Amino acid sequence: MASTATATATSTTTPRRSRTHSVSSIPRPRNSSRDSTGSLQYLAPILLLDNTVTPGENSPSLWARSVRVTDYTIVAGSRTRAGAYVLWNCYIETLEGAQFTVRRRYSDFVTLRDKLTVTFPRSLASLPALPPKSVVSKFRTAFLEKRRQGLSYFLSCILLNPEFAGSPLVKDFLLHEKI
């Protein structure tokens, strides 16, 4: 009390009121006649299914065990490298143990990502960005290695996510020449 009186005497501003809770702000048990949740008693129960028991049967969207972009091949155009491009070798192992490799251009990855953003607009946070393009260093070893790592990460995020992996877009990307 003494410190409050001293502060009031030396200060020219008005003292602040301390915050106290009134009796009406204390939560009270609800009256059953005023209970707004009474109408929720007649809703059907939520059914939860466990799809992790046998992933091959219950969740067909989960089919890849491991994914990586292993290496690349530079496809030469003319002598001046006009028209040259890079093919990325993508190695996929399924849950059943089957292994296969597909070759895709960077532009195929861009097309896949663009189509996935349209098809899954609420899942953009789960869709990683692709590694950047470069006109100057597009055939340099260091740049290609960073791009390989970025494409491998992108493809892993897509194929190991059940929402994306079961999409016909992803299956077309892996099974057909052009998507």
Side-chain angles (χ1 to χ4, degrees), residues 27 30 35-75 83-179:
R30 297 185 99 177
D35 192 2
S36 63
T37 61
S39 62
L40 297 177
Q41 294 175 357
Y42 302 106
L43 292 178
I46 297 173
L47 178 64
L48 300 176
L49 298 175
D50 183 8
N51 291 332
T52 59
V53 178
T54 54
E57 295 174 10
N58 292 336
S59 57
S61 58
L62 290 175
W63 56 271
R65 174 174 295 160
S66 69
V67 181
R68 64 183 184 271
V69 177
T70 56
D71 59 350
Y72 57 89
T73 304
I74 298 175
V75 178
Y85 58 92
V86 178
L87 279 176
W88 299 95
N89 298 317
C90 309
Y91 171 82
I92 296 110
E93 182 180 355
T94 66
L95 290 173
E96 290 80 27
Q99 304 167 357
F100 62 98
T101 302
V102 295
R103 291 178 155 194
R104 293 291 175 259
R105 293 178 68 164
Y106 180 81
S107 60
D108 296 333
F109 285 92
V110 171
T111 303
L112 174 64
R113 188 177 193 289
D114 290 345
K115 288 183 177 184
L116 287 173
T117 57
V118 171
T119 306
F120 300 99
R122 294 183 181 188
S123 300
L124 294 179
S126 301
L127 195 61
L130 287 168
K133 286 185 144 190
S134 173
V135 177
V136 177
S137 59
K138 78 184 213 181
F139 295 114
R140 292 186 181 160
T141 307
F143 173 76
L144 290 173
E145 178 57 24
K146 283 185 181 180
R147 180 174 271 188
R148 184 196 64 76
Q149 291 172 359
L151 291 175
S152 189
Y153 176 76
F154 172 80
L155 200 55
S156 293
C157 289
I158 299 301
L159 291 179
L160 300 178
N161 182 331
E163 184 174 15
F164 299 130
S167 167
L169 295 171
V170 174
K171 291 177 182 176
D172 286 345
F173 174 79
L174 295 173
L175 301 176
H176 298 99
E177 287 299 314
K178 290 286 181 182
I179 61 169

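In this chain, numbering begins with 1 at the start of the sequence shown. None of these values were measured; they are calculated from a predicted model.
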*Can you spot which of D108, L112, D114 makes a side-chain contact (heavy atoms from CB on, under 4.5 Å) with V110?*
D114

*Quick one: pull up OG1 in T70 and CG in N89 and give me the separation to the nearest 0.5 Å.*
5.0 Å

*L151 vs Y106, side chain to side chain contact (heavy atoms under 4.5 Å, CB included): CA-CA, chis, key distance, verdict*: CA-CA 8 Å; L151 291 175; Y106 180 81; 4.0 Å; yes

*Taking S137 for the side chain and R140 for the main chain, is one N or O donor matched with an acceptor at less than 3.5 Å?*
no

_4.5 Å side-chain heavy-atom contact, S167 and F120_ = yes

*For the atom pair CG (L95) and OG (S66), what is the distance rounded to the nearest 0.5 Å?*
9.5 Å

*Separation of K138 NZ from L144 CG (nearest 0.5 Å)*: 10.5 Å

*For the residue pair F173 and L159, establish whether any side-chain heavy-atom pair is separated by less than 4.5 Å.*
no

*Do you know the tightest heavy-atom contact between I92 and C90?*
CD1-O, 3.7 Å

*Can you measure from NZ (K115) to CG (D172) and round to the nearest 0.5 angstrom?*
7.5 Å

*Name the one of W88, F143, F139 that satisfies ring pair (Phe, Tyr, Trp, His ring centres under 6.0 Å) with Y72?*
W88

*Taking the side chain as C-beta and beyond, is there a heavy-atom pair between D71 and Y91 under 4.5 Å?*
no

*Can you measure from CG (L174) to OG1 (T101) and round to the nearest 0.5 angstrom?*
11.0 Å

*May I ask you to decide if R148's main-chain N or O and S152's side chain share a donor-acceptor pair within less than 3.5 Å?*
no

*Relative to each other, are the rings of F109 and F154 parallel, tilted or perpendicular (30° and 60° limits)?*
perpendicular

*What heavy-atom pair brings L130 and R113 nearest, and what distance separates the two atoms?*
CG-CD, 3.9 Å

_With a 4.5 Å cut-off on side-chain heavy atoms, are N161 and L127 touching?_
no

*asked:* Using a 3.5 Å distance criterion without hydrogens, assess whether the side chain of Y153 forms a donor-acceptor pair with backbone atoms of P131.
replied: no

*Shortest non-hydrogen contact from K171 toward W63*: CE-NE1, 4.5 Å

_Using modelled atom types and a 3.5 Å cut-off, is there a donor and acceptor pairing between side-chain atoms of R147 and backbone atoms of P132?_
yes

*Any L87 side-chain heavy atom under 4.5 Å of R105 side chain*: yes

*Applying side chain to side chain contact (heavy atoms under 4.5 Å, CB included), run through F164 and L169 and close with a yes or a no.*
CA-CA 8 Å; F164 299 130; L169 295 171; over 6 Å; no

